[in-house]
There are 2 protein chains.
Amino acid sequence: MTNRTAENIFDRLVDGIVAGKMIPGEPLAEKALAEQFGVSRTPVREALHRLEQSNLAERGSRRAFFVREMKAEDLAELFEAVGEVESALAALAAHRLTEVERKTLMAILEEGRACDDPEAYSGINKHFHNTIKAGARNSALAATLEDLNLRTMAWRAANFHENTNRLATSRVEHQAITEAILAQDAEATRSLMRSHVAGSYVLVADILARREP
Amino acid sequence: MTNRTAENIFDRLVDGIVAGKMIPGEPLAEKALAEQFGVSRTPVREALHRLEQSNLAERGSRRAFFVREMKAEDLAELFEAVGEVESALAALAAHRLTEVERKTLMAILEEGRACDDPEAYSGINKHFHNTIKAGARNSALAATLEDLNLRTMAWRAANFHENTNRLATSRVEHQAITEAILAQDAEATRSLMRSHVAGSYVLVADILARREP
DNA sequence: TTGTGCGGATATGTATACATATGCAAGATG
DNA sequence: CATCTTGCATATGTATACATATCCGCACAA
């Protein structure tokens, strides 16, 4: 009786969209998806509604769902929002990190220094941001960030693969953020984190500019 | 063929929870609600899922929905999150408000000065915050704030009715925030807005402390 | 008396049938 | 020939029937 089917459909749809297999603007018809996944329309409906609330799908006329179009403008807003929320979390973390987490952060920096593979570094990067997010001790804000990040993930992924230059920059910025956190300088932390996220957006903007000239 | 039924159920459930008519911890059984509203389980299911995503309901064992319990700790996190997001929006608005919006803001202050009725002031307060939210030109962040606010609304409402003292304080703080925005001082705006939201929380914390001693 | 296990009751998950609204196309009419 | 109207096709919204898992109570045994 578990909700596994609907959850499963949702996850598969998210994967499809995030991986870019489902093109923005593509219609998400209940019947077609139900047939494709071999289930009835009911769990598909549920998954689509969750997609809408996650802002990965939107509704057009006839109440039909579509993969959400991402205009350059929307993406810029999204990254700005991520920057604001993540920097707020980091500022809180500056005063709230436990000793264990501080050591974790330093260990992550060390690990990052020894890593030249963009793929592997992506994991280290996640660990870094997750540690800060957890250290802020605010689950409401953390959940908010996760929501926002879900929508930028596709772009971040595309980004890291194309650009190894970003790796070195990221390393330096992580270093600076860590230092500010360890110094419990909330305002510096906030400002550095905001720039860090904005920096990761610049590349995305480039990709976007090349796609829609 | 509109989605009116499910939407309607959702709104009514939100109202019920926000108005405090549905007690936290109270089970939300599909069948019972369906009978209560005179519809089938299908739209009720949809409404409950939306409630869950809005964090107004949660699931227990047996996958049943309950009105979400709000511990003092959770509420504190929530208000902190609201403060961070709303202050971020205000900081952005400091540089992005249109001339029309600036004048609106000043008009709202004027209106607030002439208002001693807490009920009416609540509307003016909303208008003030909405103007800033809109002026930030970031719909993703604005939507985030709305999500968070939905969950604090019940407490804010309870609050304003009990305390007329808060009205004068709010007026002064709005004045200060407006001045910072008009001066395009993003950092001052951010800091003032954060305190403003935190201040509105203090009263909620008092109510909470009296309820759970 | 207490603990374990089985079975019924019940609530949720899924499938399907039916209702209804929207869009498109074809035909009639000016 | 253009435009409006009408009807059908199709997709979503809702209701209901069926499947299945969880919980509770009762009985039986240690």
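Sequence lines set the chain letters: A, B, ... in the order given, protein chains first and strands last, and positions in each chain run from 1. Just so you know, these numbers come straight off a predicted model, no measurement behind them.
- Rounded to whole angstrom, the span from the CZ atom of B:Phe10 across to the C1' atom of D:dT14 amounts to 19 Å.
- Contacts of B:Asp117 classified as side-chain contact (heavy atoms from CB on, under 4.5 Å), with partners at least two apart in sequence or in another chain: B:Glu119, B:Ala120.
- When the side-chain contact (heavy atoms from CB on, under 4.5 Å) test is applied to B:Thr42, the partners found at least two apart in sequence or on another chain are B:Ser40.
- Among C:dT12, D:dA15, D:dG13, the nucleotide with an atom closest to any side-chain atom of B:Arg59 is C:dT12.
- B:Phe128 pairs by the ring-ring contact (aromatic ring centres under 6.0 Å, His included) definition with B:His174, not counting sequence neighbours.
- Taking the side chain of A:Val39 as heavy atoms from C-beta on, and the options C:dA15, C:dT14, C:dT12, the nearest nucleotide is C:dA15.
- In this structure, the CZ atom of B:Phe66 is 11 Å from the C1' atom of C:dA11, given to the nearest Å.
- For B:Ser40, no side-chain nitrogen or oxygen approaches OP1 or OP2 of D:dT14 to under 4.0 Å.
- The side chain to side chain donor-acceptor pair (under 3.5 Å) test applied to A:Glu77 returns B:Ser139, not counting sequence neighbours.
- For B:Arg4 and C:dT20, the CZ to C1' distance is 11 Å, given to the nearest whole Å.
- If you measure from atom CZ of A:Arg41 to atom P of D:dT14, you get 11 Å, rounded to the nearest angstrom.
- Comment: A:Arg171 engages A:Asp116 in a salt bridge, judged by a side-chain N to carboxylate O separation of less than 4.0 angstrom.
- Note on B:Thr42: every side-chain N or O is 4.0 Å or more away from OP1 and OP2 of D:dT14.
- The side chain to side chain donor-acceptor pair (under 3.5 Å) test applied to B:Glu110 returns B:Arg113, not counting sequence neighbours.
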Using a 3.5 Å cut-off and no angle test, enumerate the donor-acceptor pairs between side-chain atoms of residues 25-35 of chain B and protein atoms at least two apart in sequence or in another chain.
from, atom 1, to, atom 2, distance (Å)
B:Glu26, OE1, B:Ile23, N, 3.1
B:Glu30, OE1, B:Arg41, NE, 2.9
B:Glu30, OE1, B:Arg41, NH2, 3.0
B:Glu30, OE2, B:Arg45, NH1, 2.9

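- The separation between A:Phe65 atom CZ and D:dT10 atom P is 21 Å, rounded to whole Å.
- For B:Glu46 and C:dT12, the CD to P distance is 16 Å, given to the nearest whole Å.
- Between A:Arg45 atom CZ and D:dT12 atom C1' there is a gap of 6 Å when expressed in whole angstrom units.
- Counting heavy atoms from C-beta on, the side chains of B:Thr5 and B:Asn8 never come closer than 4.5 Å.
- Projected onto DNA chain D by closest heavy-atom contact, B:Pro43 and A:Leu48 fall at different nucleotides, the more 5' of which corresponds to A:Leu48.
- Sorted by residue number, the list of members of residues 28-38 of chain A with any non-hydrogen atom under 4.0 Å from DNA chain C is empty.
- Rounded to an integer number of Å, the gap from B:Ile9 CD1 to D:dG13 C1' is 13 Å.
- Applying the salt bridge (charged side-chain N to carboxylate O under 4.0 Å, His left out) rule to pairs touching residues 132-144 of chain B yields B:Glu101-B:Arg137, B:Lys133-B:Glu146, sequence neighbours excluded.
- Annotation: the terminal axes of the helix from C:dT1-D:dA30 to C:dG30-D:dC1 meet at 10°, where each axis is the rotation carrying the C1' atoms of four end pairs onto the next four (5 pairs per end, rounded to 10°).
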